[in-house]
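Below: the structure, in structure tokens.
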Amino acid sequence: MTSYRLHLLYFAWLRERIGRGEEEIEVPGEIATLGALSAWLAARGPGYASAFAAGKAVRAAVNQSFAGPEAALGPGDEVAFFPPVTGG
Amino acid sequence: MTSYRLHLLYFAWLRERIGRGEEEIEVPGEIATLGALSAWLAARGPGYASAFAAGKAVRAAVNQSFAGPEAALGPGDEVAFFPPVTGG
Amino acid sequence: MFRVSVQEAPFDIGAEFASLSAGRDDIGGIGCFVGTVRGEVDGRPLAAMTLEHYPAMTERALAAIAAEAEARWALLGGTVIHRFGRLAPGAPIVLVLAAARHREAALAATGFLIDWLKTKAPFWKKESFADGGEAWVEAKAADEAASARWGDEPPRCV
Amino acid sequence: MFRVSVQEAPFDIGAEFASLSAGRDDIGGIGCFVGTVRGEVDGRPLAAMTLEHYPAMTERALAAIAAEAEARWALLGGTVIHRFGRLAPGAPIVLVLAAARHREAALAATGFLIDWLKTKAPFWKKESFADGGEAWVEAKAADEAASARWGDEPPRCV
């Protein structure tokens, strides 16, 4: 399975811990779901590890729609990670 | 028991049927409650009879507070009769 | 504290919000309801709605309703304005504002206020139809039920 | 139809009411909620509240929430405006308007809209305290519960 590119976005304290708000990233082909992606990201470095630490409620959207851990990913998808929203 | 004076007010279709919005009236002393007053008024003439006709929901206030048929009346009271309110 | 007004003139919704919240930073939410004159009744076009009221009692009744809202919820202020006189279709009739730290109280009080205004404020509406007919609006059982869910006793006839 | 706006600038409440009801006489009631920045958090004075959002998604999320309200109630129109950026204590954050023939739908839709905005609109609040400290606001269980009573499924973590 070949690798593919994703556009990643981070908001609120995930952005602060990771140290950037967005990035283009090349992901191994076996990373096929949102859950697998967040686990894979958590191993990329201390900032990511802190952002995706166990016990932290991290939510996500794929192509601007909220999505759960089993959501499938594909080339060119925009994936955003963020804490539970606090608008309103 | 001596008679006493009341200030009466009529609103909405009661006002229209009775043909006036307010009046000073001398009431026999034995008319001691709101219920007795409305029955006594109904016998004063065709307009009053129509306004206080059986089956019509007539409500009242004594001295600007909503009151039921057993409310006591006394000299100088302001008594208002009207249909169920329809504001808001 | 509530501001209560019974008036013939239109009200300025923006100004009422501004006045309620001016110089304050303890309010987290303001609930609001504005009631307006609809242009037809069961398909019959309306020319105007005329509101009669009981001047000596009205302001006192509105203040009592507002006081009940303040007793039930931790409000930081509010506004009740009710118009009377002849109003054209589309015209605003009533404005309710309720301010609180949190939205639950603000919104619940707003609903309570308009429900009680419908059954406890001494106003009577007369419809003047475009065809020349006139009719007094009858009280609705649905309004009595909405009012009763807040636990008031039903009004009694004489 | 709803008007939806995500903006840094303040909104004009009176103008939004006027724009929603302009030239219409089919509306009987407009429900409204305005959320504002409170000046302290558990007694700790706030200097500002900064709202971050997800620009590519936010307007779409607000439109989806508004569409859900229109599917659930017979609304005659509405408005959702949500601000972002740095806001001072007392500043308005969010405006919801819902117009309907009768007050029940207008008020229910108003409550629904603000409840879903709290859990489904991609905004994040950061508190900047007067003492120099900063903290991201945590999502409240009470907001999740308020949102859930309208029957949505709970958001899932990844």
Side-chain angles (χ1 to χ4, degrees), chain B residues 6-18 20-22 24 27 31-43 48-73 76-88, chain C residues 6 33-37 49-65 80-84 87 93-96 111-127 134-144 146-147 152-158:
Chain B
L6 292 175
H7 185 65
L8 300 186
L9 296 166
Y10 311 108
F11 292 99
W13 54 255
L14 276 97
R15 174 179 51 69
E16 292 179 340
R17 290 182 189 199
I18 290 167
R20 68 188 69 175
E22 54 186 312
E24 293 287 328
V27 178
I31 304 298
T33 65
L34 205 41
L37 176 65
S38 65
W40 181 80
L41 286 169
Y48 292 91
S50 160
F52 290 98
K56 286 285 174 189
V58 173
R59 293 187 180 157
V62 176
N63 298 326
Q64 301 95 44
S65 291
F66 293 112
E70 75 292 353
L73 299 178
D77 281 348
E78 177 172 300
V79 180
F81 292 102
F82 41 78
V85 302
T86 56
Chain C
V6 182
F33 180 80
V34 174
T36 50
V37 180
M49 176 87 87
T50 303
L51 281 105
E52 180 171 335
H53 75 120
Y54 180 179
M57 179 177 175
T58 315
E59 198 161 320
R60 172 175 164 168
L62 300 194
I65 293 167
V80 174
I81 303 178
H82 205 304
R83 298 177 68 190
F84 61 90
L87 303 177
I93 304 170
V94 60
L95 169 74
V96 167
F112 166 82
L113 286 161
I114 187 66
D115 282 345
W116 269 32
L117 284 170
K118 292 261 175 193
T119 59
K120 293 176 178 291
F123 289 91
W124 299 274
K125 288 186 182 125
K126 187 177 211 171
E127 295 158 339
E134 291 197 325
W136 289 99
V137 174
E138 289 196 41
K140 294 183 192 72
D143 286 335
E144 300 268 324
S147 177
D152 66 325
E153 57 184 78
R156 289 161 303 167
C157 298
V158 292

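Letters A, B, ... are given to chains in the order of the sequence lines, protein chains preceding strands, and every chain is numbered from 1.
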Side chain from CB out, backbone as N, CA, C, O: work out which of these in C/Lys118 comes under 4.5 Å of a heavy atom of chain B, or both, or neither. both
What option among C/Ala61, C/Gly35, C/Ala56 has the most heavy-atom pairs under 4.5 Å with chain B? C/Ala56
Heavy-atom cut-off 4.5 Å, strictly under: side chain, backbone, both or neither for C/Glu144 against chain B? side chain
Highest number of heavy-atom pairs under 4.5 Å with chain B among C/Phe33, C/Trp116, C/Phe123, C/Trp124 belongs to C/Trp124
Distance (rounded to the nearest 0.5 Å) between B/Phe82 CZ and C/Met57 CE: 5.5 Å
What part of C/Val94 gets within 4.5 angstrom of chain B, counting heavy atoms only: side chain, backbone, both, or neither? side chain
Using distance only, find each side-chain donor-acceptor pair of residues 63-71 of chain B under 3.5 Å and give its atom names and separation, not counting sequence neighbours.
| from | atom 1 | to | atom 2 | distance (Å) |
| --- | --- | --- | --- | --- |
| B/Asn63 | OD1 | B/Glu78 | N | 2.8 |
| B/Asn63 | ND2 | B/Asp77 | OD1 | 3.0 |
| B/Gln64 | OE1 | C/Arg60 | NH1 | 3.2 |
| B/Gln64 | NE2 | B/Glu78 | OE2 | 2.8 |
| B/Ser65 | OG | C/Arg60 | NH2 | 3.3 |
| B/Glu70 | OE2 | C/Arg156 | NH1 | 2.8 |

Taking non-hydrogen atoms and a cut-off under 4.5 angstrom, which of residues 33-41 of chain B neighbour chain C? B/Leu34, B/Ser38
Heavy-atom proximity to chain C below 4.5 Å, by part of B/Ala12: both
Sorted by chain and number, sequence neighbours left out, side chain to side chain contact (heavy atoms under 4.5 Å, CB included) with C/Glu127 holds for C/Val41, C/Leu46, C/Met49, C/Phe129, C/Ala135, C/Val137
For B/Ala42, which residues count as a side chain to side chain contact (heavy atoms under 4.5 Å, CB included) partner, sequence neighbours excluded? B/Phe52
Test your reading of the model: is there a side-chain donor-acceptor pair from C/Lys120 to the backbone of B/Val85, 3.5 Å cut-off? no
